[in-house]
Structures are given as C-alpha cells and as structure tokens.
Amino acid sequence: MANTYSGTSRSHHPVAYLTDVEGIWEKLVSFCRDNPHVHLDHEGRLVVRPGSTFVYGGDAVDRGPDGLRVVRTLLEARQRQPSQVVLLAGNRDINKLRLLRELNGFPLARTPADMRAAPRPVLLRWIMENTMGARGAFEFRRAELERTNDPVSDEDVVDSFLADVRPGGPLRDYLSVCQLAYRTGNTLFVHGGVHERSLGVVPTGEFVEGVDAWVEALNRWYSEQLAAFREERIGPDGTPAWEPLIAYQAPTPGERINLGSVVYGRMADSLNHPGLPSPALITTLAHSGIHRVVVGHTPSGDCPSVLREESFRAHPRGQLLRTGRGGLAALPPRRQRVRRGPGEAG
C-alpha cells in the first residue's frame, strides 16, 4: 500500500492485521507463516515482534473445529503483550452471550414452541443455525472436544458452549479484553463498517464529535455492557442490562444489516460488492485525520479489496486489510505492504 497521505497523522510502527478466522486454525497458521511481524512459536503461542502491533478484526469462532483454540491463542497473546495486541469484537463472538439465558428458560420470542420444549442440544442447534448463521458449529465443537479427549455427548457440547461465557470461560475473558474500534495514525479499524448512522453515535443515544472521542466513548460503552453481563444485571421489566449490545451486533429487525453498528454494518451493497463511504462521510473522517478504514465481516473473495478515492482508501473485508480471512502484514509509516491470507464471510 501507498504511503500515508500528507497532512495526516500516521502510525509509527507496522500493523499486522487479520480477521474472521472463524474457528479455522489453518487461517491463523497461514497468516503467520513467513510474516515478519507475527509468528507462532514452538508452543503455538502468537508472538508479535517488538515494535509491531497485531490487530485482530473479530469473529474468532463458528465455522471451523478450532474455535476454542483460536480464542485461547488470541487471548493469551493479548494478556502477554497487551500493548501490542488489539482485539476487536465481532458479531460471532458477541452473540454467544445470548446462550446463558436462551438455554436457561429465556429463548428468543421468535423461537418456535417445539424448540422451546425441546432438549437443550436440539434448541442450541436451532439457535445456531437459525439465529447466528452458525450451521455446523455444534459438530465443530464436538470435534474439538474429542480432539482434546473431553466428553463429547450432546449435553457435553451444550455445557462446553455455556462454559465459554461463564466466569473463567475463555470467550467471556476474550470479550472482556476486546473493543469495538481502534485508531492508529490515519487508519480506523472496525469489524463491520462505518456509515453516517454509526459514526459519532453511541448506542446510549449520545452523539460524539471527532473520531478519537467517539472511539473512546464507543469502547467505554462496550466495556460497560460487558460489565452488566458479568454482573448479571436485569432491569425491573426483566430485560438484561446488556441487551443493547446484543442488538448492536445484530441486523436491524427486518433487514440483513445494521448501518447504525460498526459490528454489523457493511461497506458493501446487497450483493456484497464493496464500496467506499459517501463523500460526506469521507470528508467527516478526513477532518479527524482518518484516510483509511479497514473492515472485515463481509466477504469479498480471498484477496484484500482495496478501494481508493483520491486521498481516501477503504479496505473491505475482511481480509485486509482483509478482510475476513486474510490479513495485512504491515501498515508501516512509509511503504505499506499487504499480506494476504485465505478469506471468507462473516
């Protein structure tokens, strides 16, 4: 990639970016192979080179048999190198918070009556296939448990998913160190996309001027929502206090996207053709020194998609700046080179 643009702040260190691994260990292995900024050591730990930053763009689970391994690896790297590892929460990560209630007597209103009365494994399969876009996740988890010599009955699989988000669970701890947006230099990273309806908006109803102040407020709101989940806060009407986060990571009712969310927004049309932000949004971002947006979530093939309009660049999906299943090897201050990884959809 080209140099940062004149008159803008810039990152003074390389950034390695990967997103939407979705439980497929080989995607992480492929990204790290011959990567000058991150590698997997002999113990399988993700190690970031001194002076570099690793940004993971979200969606660690669901579509492969290594979800727990991916989550634990990313979490361990963040705990060991907190100043060099940035984790963004994706919809596939956040939506698992629903399971503690939905598998314990509080299913979604649209859950069919026969599913409400069904055994937990049947209900969980229905939830994943019909409300999380995670067909196959149940059997992927069984395969992972079997590989680690853990019990693998249907009930054991259910218990494993619940353990993920209970105290001490790997996904619960992982989400606790994630954030929703990250800015370095003239580059903004989010999982899904940035639109007029999401930029500057915090789900509390607050509007925040300036990208830096907005990113800080949005990440603070996310942390408060995770705290409400950990403390199991329930409103007088029985609504979980973290319900706004569940809504934020999901499509707007009746639609397939959520343009008010940086998690479930998309920088693509209805056919997943990537597109630049509107001229007005580009101008607003530029006022805060943002000339590049990097997103995942929506697939655009196995290679990074780089869209450019004069001094602005958008890198949809995920794999780049992927874009979903690939990654950016570096965003250095002078020349920026892109490292690709395998790709796919969020």
Side-chain angles (χ1 to χ4, degrees), residues 14-33 35 37-49 52-97 134 137 140-141 144 147-148 160-161 163-165 168-182 184 189-192 219 222-223 226 249 263 294-297 318-329 339 341-344 346:
V15 175
Y17 173 80
L18 174 68
T19 187
D20 295 74
V21 167
E22 296 180 349
I24 302 175
W25 181 254
E26 180 53 35
K27 290 180 179 178
L28 183 58
V29 172
S30 175
F31 175 75
C32 292
R33 188 177 296 127
N35 193 314
H37 304 287
V38 295
H39 70 275
L40 293 171
D41 69 11
H42 68 282
E43 297 178 358
R45 301 185 308 167
L46 181 73
V47 179
V48 185
R49 186 196 72 180
S52 297
T53 296
F54 172 67
V55 178
Y56 183 71
D59 281 2
V61 298
D62 274 358
R63 291 184 169 175
D66 307 294
L68 283 172
R69 186 180 186 186
V70 170
V71 166
R72 287 167 173 156
T73 298
L74 293 172
L75 174 61
E76 191 279 334
R78 174 64 170 74
Q79 292 172 332
R80 178 170 33 82
Q81 296 182 280
S83 65
Q84 292 180 261
V85 175
V86 177
L87 304 177
L88 300 183
N91 53 291
R92 294 185 178 280
D93 313 312
I94 298 171
N95 64 20
K96 301 307 177 294
L97 298 179
F140 283 139
R141 175 57 61 88
E144 187 164 18
R147 199 167 57 243
T148 54
S160 175
F161 277 107
D164 284 354
V165 290
L171 188 57
R172 181 186 181 115
D173 291 345
Y174 174 86
L175 286 168
S176 294
V177 296
C178 283
Q179 56 196 73
L180 296 182
Y182 173 67
T184 180
F189 295 84
V190 298
H191 176 65
N219 289 335
Y222 169 79
S223 295
L226 262 294
Q249 61 80 44
V263 178
V294 181
V295 301
H297 183 56
Q319 259 169 86
L320 188 201
L321 251 176
R322 206 188 166 74
T323 131
R325 277 79 225 228
L328 168 67
R339 174 181 180 76
E344 231 181 80

* To do: Please assess Y182 against V55 for the test side-chain contact (heavy atoms from CB on, under 4.5 Å), listing each intermediate value before the final yes or no.
  => CA-CA 9 Å; Y182 173 67; V55 178; 3.8 Å; yes
Across all chains, not counting sequence neighbours, the salt bridge (Lys or Arg N to Asp or Glu O under 4.0 Å) partners of R49 are none
Residues at least two apart in sequence or cross-chain that pass salt bridge (Lys or Arg N to Asp or Glu O under 4.0 Å) with D164, listed by chain then number, are R141
For R69, the side-chain contact (heavy atoms from CB on, under 4.5 Å) test, sequence neighbours excluded, returns W25, D66, T73, E144
Would you please test T19 and F189 for side-chain contact (heavy atoms from CB on, under 4.5 Å) and show each step? CA-CA 11 Å; T19 187; F189 295 84; over 6 Å; no
Can you give the donor-acceptor pairs under 3.5 Å from side chains of residues 75-82 to other protein atoms, not counting sequence neighbours?
{"unit_1": "E76", "atom_1": "OE1", "unit_2": "R80", "atom_2": "NE", "d": "3.3"}
{"unit_1": "E76", "atom_1": "OE1", "unit_2": "R80", "atom_2": "NH2", "d": "2.7"}
{"unit_1": "E76", "atom_1": "OE2", "unit_2": "R80", "atom_2": "NE", "d": "2.8"}
{"unit_1": "R78", "atom_1": "NE", "unit_2": "V85", "atom_2": "O", "d": "3.4"}
{"unit_1": "R80", "atom_1": "NH2", "unit_2": "L46", "atom_2": "O", "d": "2.6"}
{"unit_1": "Q81", "atom_1": "OE1", "unit_2": "V48", "atom_2": "N", "d": "2.9"}
{"unit_1": "Q81", "atom_1": "NE2", "unit_2": "V48", "atom_2": "O", "d": "2.9"}
{"unit_1": "Q81", "atom_1": "NE2", "unit_2": "Q84", "atom_2": "OE1", "d": "3.3"}

Short side-chain to backbone donor-acceptor contact, N35 and H37, under 3.5 Å: yes
*Where do L74 and L87 land on the side-chain contact (heavy atoms from CB on, under 4.5 Å) test, with the steps shown first?*
CA-CA 8 Å; L74 293 172; L87 304 177; 4.2 Å; yes
By side-chain contact (heavy atoms from CB on, under 4.5 Å), N95 pairs with (sequence neighbours left out) R98, M132, Q249
message: Donor-acceptor check, side chain of N219 to backbone of A181, threshold 3.5 angstrom: yes or no?
response: yes
Hits for side-chain contact (heavy atoms from CB on, under 4.5 Å) against A89, two or more places apart or cross-chain, chain-then-number order -> I94, L175, C178, L180, Y222
In this structure, CG of D59 is separated from NE2 of H297 (nearest 0.5 Å) by 7.5 Å
Q. Is there side-chain contact between F31 and V38, with heavy atoms separated by less than 4.5 Å?
A. yes
Practice prompt. Examine distances only and state if a side-chain atom of R92 and a backbone atom of R63 form a donor-acceptor pair shorter than 3.5 Å.
Written response: no
